[in-house]
Amino acid sequence: MRDPQVIEAKLLGWYDRHARVLPWRAPPGHGPTDPYRVWLSEVMLQQTTVAAVKAYFERFTSLWPTVHDLARAEDAQVMAEWAGLGYYARARNLIACARAVAAMGAFPDTREGLSALPGIGPYTSAAIAAIAFDRAETVVDGNVERVVARLFAIETALPAAKPELVALASRLTPARRPGDFAQAMMDLGATICTPRSPACGICPLIEDCAARAQGIAPELPRKAPKKPKPLRQGQVWIGFTDNAVLVETRAEKGLLGATLAFPSAGWDGSDLPPPAPADWQELGLVRHVFTHFALDLTVYTARLQRAPERGRLVPLAGFQPDALPGLMRKAWALAREKTAAAAIHRDIKSL
DNA sequence: TACCCGTGGCC
DNA sequence: TGGCCAAGGGT
């Protein structure tokens, strides 16, 4: 039981017989894989679902077919295209990484070389080395942690269990087809060895799984208790002229760093006053949940007589709400809804 | 080590 | 409905 060669053979056999989870990844045996596309998709997939990534990946590869194209892109356009995907430090690191790779001429082809690049950590460096360069590196993401914890019935809670899980995964990693093996482990975790209600009945590794034998597969991996999420409150100001809207580019680092946004305060450490001069009217509340806190953001709007000292006016004709992060899209949607309603009321009164 | 850092879907 | 979860990295 749990012979690495047996597990490798069963897993790769299963992988070869089934559809791949990532629709854009070439099937095994279809020639070399473009490191640029592997890198881009792996960075987008960090803590992000395949369904959410798909359209962004297609859009990025269409706009920028090579890492050299991406390296030449303007920061603001990359940030705008990333808007909505979350974890915006990834986008900032993406730009820096593309430029570093372009300066080097090509992607490094070892895990160590890849690890030195911005936004490429233990997981992503191993994934690119294994998938794009056929190196026998051990790829450990959340799926692999779960599969290995169950296979060996590891009851230690994460994140303390991580080193042990990595060591066990390393023992399973084959010298041949390491990239396919990594993707097979992740696909197994995504489709069969799922967090809740794992489909053990159709699992190719059911005979090798210690947790299954003990009847505790759905309970693993155990996790350390989470901290409660505090509720924060803040204000956001959406100012208009006849043909423009007031926006700003947020600070380079921190929450929603370097994204396009409406001026706001009270929730992100900043305590700036509302843009002035303006007669701000309260429109309502937008709720949003971040990783470590929830937010109630009060939305204000005002007609501006001239450009305030904070932010910049951009023409409404060219304004793209899609270039905003999700929180700011919610505020914009509320403003549109409420101002439309107010306009209707005015129209009714005037009849 | 323990935080910080988004968003959408699912049950 | 609210907590959980997702191909993590930076500090």
Side-chain angles (χ1 to χ4, degrees), chain A residues 20-25 37-57 79 82-94 96-97 114-128 130-132 137-147 158-160 162-163 166 169 179 181-191 193-198 218 221 223-232 250-259 261 267-269 286-295 324-330:
Chain A
R20 253 55 69 189
V21 167
L22 303 185
W24 56 82
R25 197 86 96 211
R37 296 170 66 87
V38 174
W39 163 70
L40 182 59
S41 67
E42 293 299 343
V43 171
M44 286 183 167
L45 284 163
Q46 289 168 4
Q47 295 290 287
T48 309
T49 59
V50 174
V53 163
K54 190 168 186 292
Y56 284 85
F57 178 73
M79 294 307 296
W82 193 276
L85 200 54
Y87 284 139
Y88 297 95
R90 292 185 297 171
R92 288 176 259 133
N93 285 329
L94 192 80
C97 184
L114 290 160
S115 287
L117 293 165
I120 300 185
Y123 163 76
T124 307
S125 60
I128 299 171
I131 296 167
E137 300 290 354
T138 302
V139 179
V140 182
D141 75 331
N143 290 300
V144 177
E145 289 177 355
R146 187 169 56 254
V147 170
L158 285 168
K162 181 78 182 264
V166 169
F181 180 81
Q183 294 184 95
M185 289 282 279
M186 293 189 281
D187 281 14
L188 186 76
T191 60
C193 196
T194 52
R196 291 175 296 209
S197 312
K223 298 198 173 178
K226 306 196 170 179
K227 298 186 64 174
K229 274 182 190 175
L231 176 63
R232 294 189 194 175
R250 291 178 57 81
E252 181 69 18
K253 295 189 174 180
L255 278 158
L256 308 181
T259 64
W267 62 282
D268 56 357
V286 161
R287 295 178 193 281
H288 197 72
V289 180
F290 288 93
T291 310
H292 54 295
F293 66 92
L295 173 63
L324 301 169
L327 170 66
M328 295 293 161
R329 288 183 194 178
K330 285 186 187 177

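Throughout, protein chains are lettered first and strands after them, A, B, ... in sequence-line order, and every chain is numbered starting at 1.
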From A:Arg146 CZ over to A:Met185 CE, what is the distance, rounded to the nearest 0.5 angstrom? 10.5 Å
Looking only at the side chains, is there a donor atom on one of A:Arg25 and A:Gln183 sitting less than 3.5 Å from an acceptor on the other? yes
Parallel, tilted or perpendicular for A:Phe293 and A:Trp267, by the 30°/60° rule? tilted
Quick one: OG1 on A:Thr124 to CG on A:Asn93, what's the gap to the nearest 0.5 Å? 10.5 Å
Using a 4.0 Å heavy-atom cut-off, does A:Gly257 contact any base of the nucleic acid, only the sugar-phosphate backbone, or nothing at all? nothing
With a 4.0 Å cut-off on heavy atoms, is A:Leu85 in touch with a base, just the backbone sugar-phosphate, or nothing at all? base
What's the shortest heavy-atom distance between A:Asn143 and A:Ala190, and which atoms? OD1-N, 3.4 Å
Footprint ends on DNA chain B, 5' to 3', for atoms under 4.0 angstrom from a heavy atom of chain A, come out as B:dC3 to B:dT7
P-based separation of B:dC11 from C:dA7 [nearest Å]: 15 Å
If you look at every strand shown and take non-hydrogen atoms under 4.0 Å, does A:Val289 touch a base, only sugar-phosphate, or nothing? base
Base contacts versus sugar-phosphate-only contacts with protein, heavy atoms under 4.0 Å: please encode nucleotides 6-11 of chain C as B, S and - from 5' to 3'. BBBSS-
From CA spacing to verdict: side-chain contact (heavy atoms from CB on, under 4.5 Å), A:Leu45, A:Tyr123: CA-CA 11 Å; A:Leu45 284 163; A:Tyr123 163 76; 5.9 Å; no
Where each residue is assigned the nucleotide of DNA chain B containing its nearest heavy atom, which of A:Ala160 and A:Lys330 is assigned the position nearer the 5′ end? A:Ala160
Over how many whole Å does the gap from A:Arg287 atom CZ to C:dG3 atom P extend? 13 Å
Is it the case that the ring center of A:His292 lies less than 6.0 angstrom away from the ring center of A:Phe290? no
Under 4.0 Å, counting only non-hydrogen atoms across every strand here, what does A:Lys226 touch: a base, just sugar-phosphate, or nothing? sugar-phosphate
Taking the side chain as C-beta and beyond, is there a heavy-atom pair between A:Val140 and A:Lys162 under 4.5 Å? yes
